[in-house]
Participant: 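Could you have a look at this structure, given as structure tokens, before my questions?
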Amino acid sequence: MPIPMPPIAAASAAAAPAASRDALAQVAHQRMANAIRALAMDAVEQAKSGHPGLPMGAADIATVLFTRFLKFDPADPAWPDRDRFVLSAGHGSMLVYALLHLLGYEKMTIEEIKRFRQLGALTPGHPEFGHTPGIETTTGPLGQGLANAVGMAIAERHLAAVFGRDLVDHTTFVLASDGDLMEGISQEAIALAGHLRLAKLIVLFDDNGISIDGPLALADSVDQVKRFEAAGWSASRVDGHDPGAIAAAIEAAKTRDRPSLIACRTVIGFGAPTKAGTEKSHGSPLGPEEIKGARARLGWDLPAFEIPADVRAAWRAAGARGKGARQAWLERLAAAAPDQRAEFERRLHGRLPQDQISLAVRGMKEKLAAAPKEIATRIASENALDALTAAVPEMIGGSADLTGSNNTRPKGAKVISATDFGGRFIHYGVREHGMAAAMNGMALHGGIIPFSGTFLVFSDYCRPAIRLAALMGVRVIHVMTHDSIGLGEDGPTHQPVEHLAALRAIPNLLVFRPCDTVETLECWQLALAASDRPSVLALTRQNLPQLRLAADERNLCAGGAYEIAAAQGNAQVSLFATGSEVAIAVAAQKLLRERGVAARVVSVPCFELLRARPAAERRSVIGTAPVRVAVEAAIRQGWDEIIGSDGAFVGMTTFGASAPARDLYGHFGITPERVAEAALSKLKDT
Ligand SMILES: Cc1ncc(C[n+]2csc(CCOP(=O)(O)OP(=O)(O)O)c2C)c(N)n1
């Protein structure tokens with residue numbers, strides 16, 4: 001049954017800043033909101049696909065937010081001190097496209113709106129960061145945007161603590177739907193935000209009681225206000241079609257000492273005569289008859305895609321509100337101490353302090369050459385972090401409650417807390433998914449390189465956010481320790497088997513699996529340098545010998561693979577391995593030598609970097625030895641691109657088991673002897 005439509009509230013321009021008051025006063029709020037509704041209906045109709053319900057229902061909320069509160073300037077969509085607006089319910093993308101168009105974002109022309117959901121248009125089905133100026137993050141998978149926003153709000157607080165409020169002082173707004181709040185990730189995100197008392201995070205909940213299947217009551221009966229309050233938020237309910245009430249609630253939220261939820265009761269598809277208030281307006285074109293009826297109800301008698309001049313002018317005036325604020329900010333930036341300004345700009349532009357990094361890496365390499373270390377790569381990573389975080393102050397670490405296991409808290413890193421955001425380490429709690437999504441938000445905000453940790457097996461819990469990081473091309477670095485059966489006694493629940501392959505399957509993600517302390521340092525250096533993609537570092541719990549003994553300034557991991565132990569004579573066998581299995585391959589090389597077989601060992605710390613090399617280089621690293629054997633304590637999937645389908649693979653085909661690591665390697669046959677046997681048996685066949 002349709003929910004009865006409340007009366008459309010009259011406009012109030014009283015709260016508008018002076019610059020736009022006059023223009024706003026000319027045009028009722030209602031007509032401005034209806035412009036969003038009309039564009040959404042028309043674009044979805046033209047595309048024959050899309051979601052009109054949310055933009056039509058949330059148009060009043062968006063109109064209030066963008067005309068009275070949000071600080072932004074269409075002339076510079078990436079202005080660092082803008083307020084952030086995250087449409088967590090990305091399916092309602094036409095809401096934000098309509099806003100960008102109406103507010104005067106240059107690239108968002110009416111032609112782009114007409115090309116909604118067409119190839120190459122700035123109006124893809126769901127908002128995409130980096131594709132459309134003014135879009136803060138890619139949303140669509142529900143819940144992610146909300147968790148990204150938590151990261152953005154943390155980033156704002158941290159940078160404000162470091163650089164002062166003159167340069168950093170903005171609010172993060174989210175529009176979230178029922179679906180966002182039903183997703184599990186939302187619990188992780190709101191719990192973290194409440195704990196950190198992120199007062200400058202305001203969530204507007206499009207509380208329309210409808211999802212795809214029908215009324216929310218089919219599947220959910222959570223009292224969201226109580227839920228958010230229980231997580232330490234301030235929460236209120238308003239009529240989401242009453243601009244005065246929405247404005248008052250935002251006004252109040254801005255004074256709170258904690259994050260705020262404003263549950264805005266709305267009617268999905270507001271204005272549609274028979275489909276409003278029902279799931280029928282959620283995700284398909286309304287159809288010509290319904291649109292005609294909606295136009296009549298809304299008093300909008302213009303043809304498709306036409307906006308009356310006065311409404312357009314009022315929206316443009318709203319778009320111009322932030323110009324002065326940006327100008328004032330630019331002046332404050334210009335007046336800042338030169339060092340402070342340079343450092344601020346360096347961090348915000350994502351430029352690394354290359355000299356300091358090179359110095360730190362060189363210093364560590366010299367030490368490691370002088371005194372090789374047999375340690376776990378997770379410890380090697382901690383050592384690398386001690387040096388690198390000293391050189392790169394924008395690195396902010398963390399862990400999902402495995403700090404002591406992941407070794408991601410560098411020496412002296414203070415904890416970020418509700419009372420002190422100046423720290424550089426975040427206790428994310430047991431919230432891997434929320435952590436990964438918040439890291440995306442920090443990277444998107446700019447000025448921060450987030451890195452964090454959990455066990456590799458729990459990369460599954462982070463995967464949706466890692467995928468989005470890869471899609472968006474943001475620099476987040478995941479330290480994933482306990483990377484194989486080598487973790488031992490915790491058993492098969494904790495032993496990753498398919499995870500390396502699964503991560504390598506994500507386009508644009510760098511998956512590093514270093515074999516010793518030197519490679520770990522090099523992989524860290526590469527992950528930091530990868531400014532437009534995320535990285536995972538898969539690291540061991542168990543100790544590994546240092547295989548790279550010579551001092552070498554070059555970063556040998558940069559090519560993705562390299563010969564770490566040459567054959568004596570013409571190689572008959574190439575042994576490929578990653579991480580902890582490189583030492584096994586080196587031991588197998590020795591066994592083969594004893595049998596009169598010349599083998600070379602190639603370490604493959606990063607498939608993606610190897611794949612990116614010119615074919616001739618790749619071929620030369622892979623080599624021409626007639627037999628190829630790969631060893632990795634994981635599944636074979638992916639390895640055929642290096643060893644071919646005729647190559648031999650020594651690894652896992654089942655889940656692991658609970659036992660000391662050494663016993664497990666024997667049990668699963670990942671040993672030098674088995675590697676040598678595999679090579680010899682292939683040699684016989686050639
Ligand atoms: C993680 C995830 N699961 C499922 C979907 C598919 N989906 C898109 S919108 C939606 C729910 C719609 O309900 P709501 O969030 O209340 O949006 P509204 O109907 O109010 O537009 C679903 C299940 C999705 N986008 N993301």
Side-chain angles (χ1 to χ4, degrees), residues 1-3 5 36-37 40-41 43-44 49-62 86-98 117 124-128 137-149 174-190 203-224 227 240-241 261-272 275-286 294 432-434 436-437 440 460-469 471:
M1 249 220 335
I3 300 170
M5 198 153 60
I36 298 174
R37 294 188 172 105
M41 285 193 289
V44 171
S49 99
H51 301 76
L54 184 147
M56 295 176 77
D60 292 306
I61 305 169
V86 173
L87 178 64
S88 192
H91 61 275
S93 58
M94 261 314 301
L95 177 77
V96 70
Y97 300 150
R117 294 192 155 217
H126 293 82
E128 291 178 28
T137 177
T138 298
T139 52
L142 290 163
Q144 294 290 332
L146 175 60
N148 294 161
V174 182
L175 186 79
S177 67
D178 295 305
D180 284 305
L181 300 191
M182 280 194 278
E183 287 292 350
I185 189 174
S186 71
Q187 184 56 31
E188 301 180 21
I190 69 170
V203 174
L204 298 149
F205 166 32
D206 181 31
D207 181 14
N208 62 23
I210 291 289
S211 66
I212 291 178
D213 279 2
L216 203 64
L218 291 170
D220 194 63
S221 45
V222 171
D223 181 330
Q224 295 293 355
R227 175 191 178 210
H241 297 297
L261 172 83
I262 306 171
C264 307
R265 184 28 74 137
T266 60
V267 176
I268 189 168
F270 184 94
K275 296 185 176 175
T278 78
E279 69 279 10
K280 292 196 181 74
S281 67
H282 160 84
S284 40
L286 295 179
E432 295 85 1
H433 197 182
N440 289 353
D460 285 340
Y461 279 54
C462 308
R463 190 174 178 85
I466 295 178
R467 180 177 190 271
L468 283 167
L471 173 60

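Just follow the structure's listing: the first ligand is 1, and inside any ligand the first atom is 1.
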Participant: With L146, which of V203, T139, L175 fulfils side-chain contact (heavy atoms from CB on, under 4.5 Å)?
Facilitator: V203
Participant: Please state which protein non-hydrogen atom is closest to atom 16 (O) of ligand 1 and give its distance, to 0.1 Å?
Facilitator: I210 O, 2.9 Å
Participant: Tell me whether N148 contacts the main-chain N or O of Q144 through its side chain, where contact means a donor paired with an acceptor under 3.5 Å.
Facilitator: yes
Participant: To check your reading of the model: name the closest protein heavy atom to atom 21 (O) of ligand 1, its residue, and the distance in Å.
Facilitator: H91 NE2, 2.7 Å
Participant: Just jot down the ligand 1 atoms closer than 4.0 angstrom to any heavy atom of G140, in number order.
Facilitator: 24 (C), 25 (N), 26 (N)
Participant: Can you report which non-hydrogen protein atom sits closest to atom 23 (C) of ligand 1, along with the distance?
Facilitator: I212 CD1, 3.8 Å
Participant: With side chain to side chain contact (heavy atoms under 4.5 Å, CB included) as the criterion, how do T266 and D60 come out once you've worked through the C-alpha distance, each side chain's angles and the decisive distance to 0.1 Å?
Facilitator: CA-CA 9 Å; T266 60; D60 292 306; over 6 Å; no
Participant: Below 3.5 angstrom, do we get any N/O pair linking S177 and ligand 1?
Facilitator: yes
Participant: Starting from atom 12 (C) of ligand 1, what is the nearest protein heavy atom, named by residue and atom, and what distance separates them?
Facilitator: H282 CE1, 3.4 Å
Participant: Regarding S211 and D178, is there a side-chain donor-to-acceptor distance under 3.5 Å anywhere?
Facilitator: no
Participant: If you look at every heavy atom in Y461 and H433, which pair is closest and at what distance?
Facilitator: O-CB, 3.1 Å
Participant: Going through the distances and angles, do L261 and I190 end up as a side chain to side chain contact (heavy atoms under 4.5 Å, CB included)?
Facilitator: CA-CA 10 Å; L261 172 83; I190 69 170; over 6 Å; no
Participant: I want to check something: taking the side chain as every heavy atom from C-beta on, are S186 and R227 in contact at a cut-off of under 4.5 Å?
Facilitator: yes
Participant: Could you label the plane-to-plane angle of the H282 and H91 rings as parallel, tilted or perpendicular, counting under 30° as parallel and over 60° as perpendicular?
Facilitator: tilted
Participant: Would you mind running through ligand 1 and noting each atom that sits below 4.0 Å from a heavy atom of I268?
Facilitator: 18 (P), 19 (O), 20 (O), 21 (O)
Participant: Which ligand 1 atoms does E183 reach within 4.0 Å, using its non-hydrogen atoms?
Facilitator: 1 (C), 2 (C), 3 (N)
Participant: Tell me, please: is G53 in heavy-atom contact with ligand 1, that is, under 4.0 Å?
Facilitator: no
Participant: Which atoms of ligand 1 have any heavy atom of G179 under 4.0 Å away?
Facilitator: 14 (P), 15 (O), 16 (O)
Participant: Considering both backbone and side-chain atoms of L142, is one of its nitrogen or oxygen atoms within less than 3.5 Å of a nitrogen or oxygen in ligand 1?
Facilitator: yes
Participant: Using a 4.5 Å cut-off on heavy atoms from C-beta on, say whether the side chain of Q224 contacts that of M182.
Facilitator: no
Participant: I need the atoms of ligand 1 closer than 4.0 Å to a non-hydrogen atom of D178, numbered in the order shown.
Facilitator: 15 (O), 16 (O)
Participant: For L54, counting its heavy atoms only, list the atoms of ligand 1 lying under 4.0 Å from any of them.
Facilitator: 21 (O)
Participant: Please examine the side chains of N440 and T137, heavy atoms only from C-beta on, and report whether any two atoms are closer than 4.5 Å.
Facilitator: no
Participant: Which protein non-hydrogen atom lies closest to atom 20 (O) of ligand 1, naming both residue and atom, and how far is it?
Facilitator: N208 ND2, 2.6 Å
Participant: So is D206 polar-close to ligand 1, meaning N/O to N/O under 3.5 Å?
Facilitator: no
